[in-house]
Structure formats: structure tokens, C-alpha cells
Amino acid sequence: MPKYGKLPDPLTLEAEILQFWEQATIPKKSLSRNEKNRAKKRFVFYEGPPTANDKPHFGHLIPRVYKDLFPRYKLMQGYHVIKKGGWDTHGLPVELKVEKELGLNSKREIEAFGVEAFVNKCKENVWKFKSEWERFDPRMGFWYDQEHAYITYTNEYIESVWWALKKIWEKGLLYKGHKVLPYCPRCGTPLSSHEVAQGYETTQDPSIFLKFKARDLQDTHFLVWTTTPWTVPSNVALAVGPSYTYAKVQVGSEIFILAHELISQVLGTEHYEIVGTVRGADLVGMRYEPPYRLSDAPGAYRVVAADFVSLEEGTGIVHIAPAFGEEDYQVGQAEGLPFVNPVDLEGKFTMAFPLAAGQFVKDADAVIIHDLKHRGLLYKSGTYKHEYPFCWRCKTPLLYYALDSYFIRTTAKQNEIIENNKQIHWHPEHFRDGRFGNFLETMKDWALSRDRYWGTPLPLWVCEQCQREHCVGSRQELIDLALDKEKARTVEFHRPWIDEILLRCSCGGTMRRVLYVIDCWFDSGMMHTAQWHYPFENQELFAEQFPADFIAEGLDQTRGWFYSLLVTSTLLYEEKPYPHPYRHVVVTGMGLDESGKKMSKSLGNVLDPWDVVNVYGADAVRWFFYSGSAPWRDRRLDPKDIVETRGVLETVRNVYSFFALYAGIDHFDPARHTVSERALLDRWILSRLQYAISEITRALDEYEPVAATQAIATFVDELSNWYVRNSRARFWGSSWTPDKISAFATLYEVLLALAKLLAPFVPFLAEAIYQNLKTDQMPESVHLCDWPQANDKLRDEGLEAQMKLARQIVTAGLQARNKAQIKVRQPLALAVVLSTRPPLDPEYQQLIRQELNVKQLTWLSQDQPFAFYTPQFEYEKSALGKDLRSLAPKAVHILEELNKAEHEKRVQLVQELKAQHKLRLTIEGQEIELPEGTHIRVVLQPREGYVEGSEADMKVLLDTRIDDALRQEGLVREFVRLVQECRKEAGFEVSDRIELYYEADPEVQTALEKFAQHVQEETLAVTLQRNSSFERVEFTKELDVNGRRAKIGLIRKR
RNA sequence: GGGUCUAUAGCUCAGUGGUAGAGCGCGCGCCUGAUAAGCGCGAGGUCGGAAGUUCGAUUCUUCCUAGACCCA
């Protein structure tokens, strides 16, 4: 027999369930339950690895709720799922934390501290918050196999990454280049484009207009705009658009050259005069005096043509500093311009520019502006607000810097990558061709190398003698080539140890490793392979677990993990059919605060997930996300919204509580009490359940959690507000009639199915309900159950349609009662349904009568409305006035009188009107005709004593007349309700029998005597007696029964 | 400057080429043998603005405005 226990409050409930899961090792059993199916039914999930060196925050929660939902669902469906966890452990984020901890501020200081000690610290730091995560995930019901989680810093993982790099190298796609790259001067390393993408921020920079004196013209200056004053010393050229028109503008005694189109924008209200125009092409070759002359190369300081010059802002003349801009660099290469760089790798000016030597470039802006102003070279200055990239971790502004770096030639495989992406199912779909697709279209080579310490070492060795380069792809290869093979056998694949391994070159020389580590996004992007240490181990596992069916991460990973997975996979597995390495990707939105701002630590508006979970519980938080909006929408996270959305869960608890209460009292045994025939309501709710199952299943298959939760909510509403509401009395019966068994068995089955349907969404509540309903023959946890399958045999759409109509009739009827201000407890004689649909079967009518509390229900054809409706004439005053002129007021009067006439007379007139489409009137001897439609029309009003309600396409009329008999019944029903309230107030159990004593107004007394049996049945009163003495009673109360006085006393029978 | 997305009730959000929806909040009721629960009704909307396609546009198209994210 099931337990039918009470459900404690959500927090206690979740604590109990957590304990149960742990004791019974349910998560483990869940993940292994489909081992037998793994050959044919697999659902492959990849974990996007978090970095464990920080606490989990609310933003992490969003992808994680979905990463839990879908695998749970698939597990219940019998799919084999490996939910292998993973940790991202390398890279700048970790190094920065450690630097901070150790108080180090530059690479020099790290070197001084010792690379070995530093790297050891990094490795340690990675695990600093691991326990936080391991506590948080289970609390939320997020189940992972953390025991076998992949860790990107292990030798095995790195070996797989090396294998990949070697394959890429062998394809000739790994090369060393000299390019202008976004560079973080604080971290001392260039960043890849997807890292840069993480760090754009709105910032205010200086905006200055400079005068560059033309060498061969009197008092003439090129007007140049820049937002980076610190690059001015490195200027070697000016660029113009050859096809643009430039103007020579006289301002005071000076002449400025700038784009014609931009004159007013730049000069504003200043008084000026255009003294000539010239095409850009004609400016090319002109010489000018640079503000700072750091080069004496003959080709420097002249005007060149460039196609990237725009007329959107500035002056149409662009200052060129090849050391600090990609486009500048290219122009410099093409034009043979000198390369001037007075800035060192820490972003500080060197002695080559004494004015600001030793200063960080951004700090030098002010010095330079001041100097230029002092020398009369500044036309005007201001500030400029724009988006500028900052280091995504340390927030230092990035500098565009010409540097040596290793690249992966991703552009060589761009078409393949795009083709692969086209086959991926993105959720939402528009990401594929939109945001992500666009990124692929404008893809650049992957700047792979980092001048740092803690990361996967770039496995390239270069011969000191012949400069030959070799890429090592495995430990075995390292051992084979190493000078010290013993050392190579055990060396850890990290700096500084790996740097000590020297290789023998084929020329006989010694090879040293280049000192770079690689971008940690390459690490995590390789998890599809490296998590299995493939190809060195786990060949079968890899074959089985590639590609993933499903991944989910935040949309900030578009250019991060989504990209690195796709690129590495496409490059490595050219022979595998697309798509890989993931088939479905769910992009999740950002977490915003109450005011719609992105949650971030710097804004201080981050919600601690513990604060939320400890108050509302994990189920409520999960449901909030699933039901609130599509995964990819940004979410405002206001804790009070979580309370609002959990209403559905409360209803589920209520329905369960109702069932458990009576199932417990009556010892309902699902094994013993078998159903012979299902009652109408039972067949209905089972039919609706089949519908709900198919809807929820479809929605989950299509990765639409909102639709799934809506289907659940609809079903729960139907279950609670129609099925249970109308079935309550069936659960109270004293003997096991077939109808009672049918009710119990049905609700039992429905709740059991509902628990399973809820399991992936709210695993705690689902488990609690299941535990109270399960028999010994059933699996020990709801999470080890099979996902329900819709049974078409139980579906009856005809029945559903009928029931829907019945519900609509009830709604309309209740609306009418509301209008008439007659409460439902007061029985009424008649309700009339006006509908084009045929009358419902008696069973439905019974339900409707019960809900509307009417004695009789009849159906009226809409063609014959006059039994209950009376017609009224409405008229169009303006039309009457126009046609009848002075007769119009009289016509109105007649019509008003007609509206007061006898019902039969009016019906007769209406029938005439309908036949002839006009109404004939005689006014002062004159016969006039009023056409229907333009002048008059007929409206129907309920006849006296009737009130109308409507819903959808039908109407319901209520006869509101209450005769003595009805009034008596109303009194009795009111009396019964008051007694029930007293039972509760007295603290009796619902099944306690009572003795009931009363004294009351004569009218109430008469009614009670007449309906004594009914009262006793309803209140479980073994006796009902008039009694003026209440000495013995346990509970007594004065009552107001519809305005009449009564007093009752109760005694509980034991 | 470019791209993508978003704009629907006071709030949070569904949805649709044919009379606009839910939850919460608000007002008024109701019901109660689920009992500190539950239900109904009502108020509240130019479906961001403009134009176009269409018999009909909140829905499709274009433009504009605002916001978010991304890119430059």
C-alpha cells in the first residue's frame, strides 16, 4: 500500500528528498539505468566546462536548468546518457586570480617569483571553489557524473589537444605570423577575436582634431581627427579617400583641408569660407610636417590613398600609425611606410618618445594633448563616447599592436565550417544564419599563442641550428625525439617543466620549444575529443559519444565555446558527416537585474543563487525559468516573480493532498481496488491526460520548455478545477462502489503519471508525490521510471468536445448568477441554454445542474427565442430625423410605447419585420415604413425574471425567481456550510461523526426538519435535534443563516 | 557605422493573417468535506510609430524610434 503521506513545506520536502537521493544513490542509478540500451538509443550531451575558481552565480543557473531538463527527459525515455562533468582550468582568468593573490603585477614579477611556483599556485587555485559547485549542483537537482569529470589541465587532456594541434600542423594550418592584434599590455599577451568579443565596453575617450601642416603650402593644414592621442607620435602618414571631394576652408588666417561633406560637422558655427575644392586623389603624395618626427625615413609623412576612409565622422583624413592598427599596418606594408613604435610590451612609452617616457599610453594622452595645444597644433578637443575593447579579465584597455603570434588558418576551412554550421539545429533558429552565421562569414585566423605561463603548452620545437620546426603530437613522440628520454617519459605537460625538454633535430641540432602556451578556448573547444583522451584511449567511447545531440550555454558563448567546438571539430574530422560536434544547441539568455541591466560583478547587482534557493526552493526556481519565457530570452531576475510562477506547483500539491487525505482514510489499495467501468469524468480526465502527455512530449522533443510547462499548467488546471472539483463527493462515499473505485483509481493513475511528467522539471516535488503513491512493485524513484506514453485508446475527442461545451455553459451560467447577484448556494429552478450545438447527454447535464445549482436545464433553439426573450426596437435617430423630419419625434414616441407593449404583440411585430424587412407605422394618419437595418433593428432582452450570461458562441439564461421551496433549500445549504465551518473551527477530522443540536428561527427550523436527512448526510451528523440547552456540547456558535438567526452545538462521536 | 534580437495589460511574459491571451497586482463577488487553499467576474491594450501587401495585418514586407547583445 502506498504511504499517502502529507507533503511538508517545499524547503523541508526538498531537504528530505535530497537525503533520500543520496542514501539510495538515485542520481547514479538514474544515469546508469539505460546501460542496456546504449548500443541503439543514445542521447549525447556535452558539458560546457565552468571554471571552478569562482563561486557559481545566478548567471550560471540559466544554462544549467536546461542542461538538466533535457537529459533527464531523455533518460526517462530510455536513452543512454553520460552526463560527464567538466572543468575548464587553464588560462588568463586563473593566472589573474593568482597574480592578485600573490600581489604580482606584471610578467616580470611573475618571473621573479618563479614560474614553477606560480604554475603550481594556478593548479591549486582552480579547485578553490570546486566544493561550492559540488554543493550547489545537487541542491538544484542538477545531476552530473562529477566523479569522471574531464579536467583540461591533465596530461591526458593536453595530450589529446597536442594530437589535434599536430593534425592541424600537418595540414599546414598552423603558422607564425606578424599581425596587428588586440593586445593586453597588462597581461602581456595578444587576445583572440572571440576573447576580444567578451570585453567591449562603452567608454569615453579623448576626441581631438589636429592640424598637420602641409609642407609646400602657406598656412595650410590637414585637419585630422583621432580618439587615440597616444598614437600620434607613431604617425607616419595621412590617408584620404581618393574619390571624395575635399575642401580648402579659410578660417581666420589659416586654411584647413578636410572632406567637403564634413565641413559643417567639424567647424560647426565657426565663421569660414570655402576657398577651393580638390579630389582626394589629387591630395595623394603631398607632404606634411608631423607633430612628432620619430622617423627620418624618406617615405614618411605624406598623404596616401586608402579605401577604408569614411565620411561618417572625423574629417575624412585619417592618421596612420602602422604599429597600432590593423588597417594602418596594411597601408604601411602596401605603401612602404616606416614602422614607428615608441611603446614597449607593457604599454609604456620608451625613451624613443621622451615627452612621456615610462608612462602608460592611455595616461600619456593628456600629456600629448597638452603639448599639441601648447604648440598650436590642436584645432579642438573634446571627448567621445564609443564601444572599445577591454581585456575580458583584467579590464585593461586593449591596444592594437603589431606582434608575432601563432595562428590557425581557420579561414582556409571557412566554407567547411559554414557548411557544417548550416546543418546544426539552433534554438532559436535565427542564430544559425544570424548572429553566429555572420560571425563565420567574417571569420579571421585564430590567434592561438599566448605569452603566458598557465596553459596548454604549444607543442612546437624549433631547431637552434637549422630553424626547422616540429610539432609533437603525443608523449610517445616526445620520448622518441627527446635528448633525455627518461625525463620525457614523466614530464608534466606544463611550463616550466616542458620547456626543459630538448629534442634532437634531424640535422643533428638541438630543438627548443617555443615558449608560448595556447588560448584556453582551444582547450575547452577540444572537449569533444580530449574528454576521452582520444585517440590514445577510449576509441569506442569516442565513436559512441561523437557528435553531441545537445549542448546549451549562454549566448555569450556564441563566439566562445560554440565557435571553438565547431572550428576544432570541422578542422579535425573532415571525414565525419555534418553536423558535428553538436546537433542541437540551445542558446540561453542573459540574467538581468530588476531594472533590466545585465548582472555583473562590477555593477554589484548579482543575485546570490543560494539566497534565492534557500528561500523558494529549487523546484520553484527551476519552474520559474522553464515556464517564464523561452530559454534564449534575457531574463529579469526579480525574486518575487519566482513566488508568482509557482502557482501551478501549489495546485499540484493541493490535488495530491486532496487525494492522499481520502486515499489514506479509506485505505485505497491500487492493487486490490480494480476498476470495472470508468465514470464519465474519469474517462474525460484520462483523455485529457493522453493529450497532455503528447503535448509535453512534443514540446520537449522540439526544445520548447515553455510550451511544455503550459501544457502541464493547462492539464493541472483541468484536473483541479474541473475533475477534482466535480468528483469530490465521489471520494466521500462510505462503501467501495464501482464509481468510487473508478474515482480513486483514476485520480491515482493520473497523479502517478503527472509525477512522471513533472519529474524533469521539478524533480523534488515529483519525487515526493511519487514516493507517496508508489507501491513496492514500482521503481524506487520517479527518476527511474519510464516517461509516460500517450495511449490513443484512452483518448476520446468527442467526449472532450462535449465536456468543453459543458464547461462553457457553466461559465456562462455562473456569469449570469454573478450579474443577478444570486450566490451559487441558492438553488434556482431553471437554466436555459441557447446554442447552435445539439443538447448534451444527460450525464453532462447532470454536471452542469450540479455546478449551476439549478433544478432543471433545458435547451432552446436559437430560431425560437421568444419563450425567454423579448424583443426591443432600437432606432437610429439621425436616420429617422432625415426621412421623417417633423414626424420623427412622434415615431420615436410610438417606438418607445411599443417597447412597453405586451410581449406577444411585440413578437408579432418582429415576425412581420423579419418577413418584410420593414416596420409599418401610422403616424397622424400617415402610413410610414421604417426599413430594418438603417432605421430600426431588433435586440433581444431576457424576459422579466431571467438573466443572461454568455461564453464563446452560446448563451445561458437563468430563471432568477426564487419560490418558497427554493428559499428553504437555500437556507438548508447555507446552514450545512456553516456547520462545516464549525466542524473545522472545532478541530474535527473530516471523517468524524457528530451529534448536531440547534435552535433557530421558525423558517430555518421548518427547512431543517424538511431536509433533515440531507443535513445529516452532509455534515456526518448521527443525530440532528432541536435543543435549547447546549450544556453537553463541545462546540457552540451563533449563526447567521441568510439573515435568519440560528444557534448550533456539536459533539464529536468517538 | 554594421549585424542579430526585442517592443503585446500596471508588472513578468505567451500567442495569432480573421472579435487579443495567461500569471501576478487591482476592484467586486463566489465556493469550500483540498481550508492560512481554491474559483469566477470586472477594470485595464491604437499589440512601439509610419507606410505597403491583403477582402482583412498585432501577425507578412519596408522604413523609423527605443532597448539588449554582438561586431567594427
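We name chains A, B, ... by the order of the sequence lines, and we start the count at 1 in each one. Because only heavy atoms are used, hydrogens play no part in the values below, and waters and symmetry mates are left out as well, while side chains stay in.
Pair check for rA22(B) finds rU12(B); Watson-Crick or G-U wobble, both atom distances under 3.5 Å. Using Watson-Crick or G-U wobble geometry with both donor-acceptor distances under 3.5 Å, rG56(B) finds no partner in any strand shown. Nucleotide rU65(B) forms a pair with rA7(B), judged by Watson-Crick or G-U wobble geometry with both contacts under 3.5 Å. Pairing for rA34(B) is absent, judged as Watson-Crick or G-U wobble with the two contacts each under 3.5 Å. Of all nucleotides present, none satisfies the Watson-Crick or G-U wobble test against rA43(B) with each distance under 3.5 Å.
The pair R653(A)-D619(A) does not meet the salt-bridge criterion, since no charged nitrogen lies less than 4.0 angstrom from a carboxylate oxygen. Of the charged side-chain nitrogens involved, none lies within less than 4.0 Å of a carboxylate oxygen, so that E1018(A) and R973(A) do not count as a salt-bridged pair.
Spacing of C1' atoms, rU54(B) relative to rG17(B), comes out at 9 Å, to the nearest Å. Taking atom C1' in both rA14(B) and rG45(B), one finds a spacing of 15 Å when rounded to whole Å. Taking the C1' atoms as reference points, rG44(B) lies 9 Å from rC26(B), given to the whole Å. rA7(B) and rG49(B) have their P atoms separated by 13 Å, given to the nearest Å.
Under 3.5 Å, the side chain of R435(A) and the base of rC69(B) form at least one donor-acceptor pair of N or O atoms. No hydrogens or angles were tested; on distance alone, a donor-acceptor pair under 3.5 Å links the side chain of S720(A) to the base of rA34(B).
Looking at the side chain of R633(A), the nearest of the listed nucleotides rC39(B), rC31(B), rU6(B) is rU6(B). Proximity note for V706(A) (side chain, C-beta onward) versus rG40(B), rC30(B), rA14(B): the nearest is rA14(B). Side chain of V724(A), nearest nucleotide from rA34(B), rC39(B), rA14(B): rA34(B). Checked against rG3(B), rA34(B), rG40(B), the side chain of N438(A) finds its nearest nucleotide in rG3(B). Taking every side-chain heavy atom of N721(A) into account, rC39(B) is the closest of rU6(B), rC41(B), rC39(B). Looking at the side chain of T811(A), the nearest of the listed nucleotides rG38(B), rG40(B), rC69(B) is rG40(B). In the set rU4(B), rC31(B), rG33(B), the nucleotide with an atom closest to the side chain of H430(A) is rU4(B).
Separating the CG atom of N654(A) from the C1' atom of rC31(B) is a distance of 14 Å, rounded to the nearest angstrom. The NZ atom of K984(A) sits 13 Å away from the P atom of rG38(B) (whole-angstrom rounding). Q557(A) places its CD atom 14 Å from the C1' atom of rC69(B), with the value rounded to the nearest Å. Rounded to an integer number of Å, the gap from CD of E650(A) to P of rC39(B) is 11 Å. If you take CZ of R817(A) and P of rC30(B), they are 11 Å apart, rounded to a whole angstrom. In this structure, L1050(A) places its CG atom 14 Å from P of rG33(B), rounding to the nearest Å. The distance from atom CZ of F624(A) to atom P of rC11(B) is 16 Å, rounded to the nearest whole Å. In this structure, K444(A) places its NZ atom 17 Å from P of rC70(B), rounding to the nearest Å.
Using a 4.0 Å heavy-atom distance criterion, A630(A) is classed as a sugar-phosphate-only contact. Counting any heavy atom pair closer than 4.0 Å across all strands shown, R653(A) reaches no nucleic acid atom. In this structure, S657(A) reaches neither bases nor backbone, as no heavy-atom distance under 4.0 Å exists between it and the strands shown. Base engagement by E1017(A) is indicated by at least one non-hydrogen atom pair under 4.0 Å involving a base atom. Counting non-hydrogen atoms under 4.0 angstrom, F731(A) reaches nothing in the nucleic acid.
In this pair, Y662(A) and W732(A) present their aromatic rings tilted. The plane angle is within the 30 to 60° band. The aromatic rings of W736(A) and F668(A) sit tilted, their planes meeting at an angle between 30° and 60°.
Comparing D634(A) and V655(A) along RNA chain B, the residue whose closest nucleotide (by nearest heavy atom) sits nearer the 5' end is V655(A). Annotation: of the two residues near RNA chain B, F658(A) and Q821(A), the 5′-most nearest-nucleotide partner is Q821(A).
Taking the six-membered ring for Trp and the full ring otherwise, the centers of F439(A) and Y563(A) sit less than 6.0 Å from each other. Aromatic ring centres of Y703(A) and W426(A) lie farther apart than the 6.0 Å criterion allows.
A donor-acceptor pair under 3.5 Å is formed between the side chain of T410(A) and the backbone N or O of K444(A).
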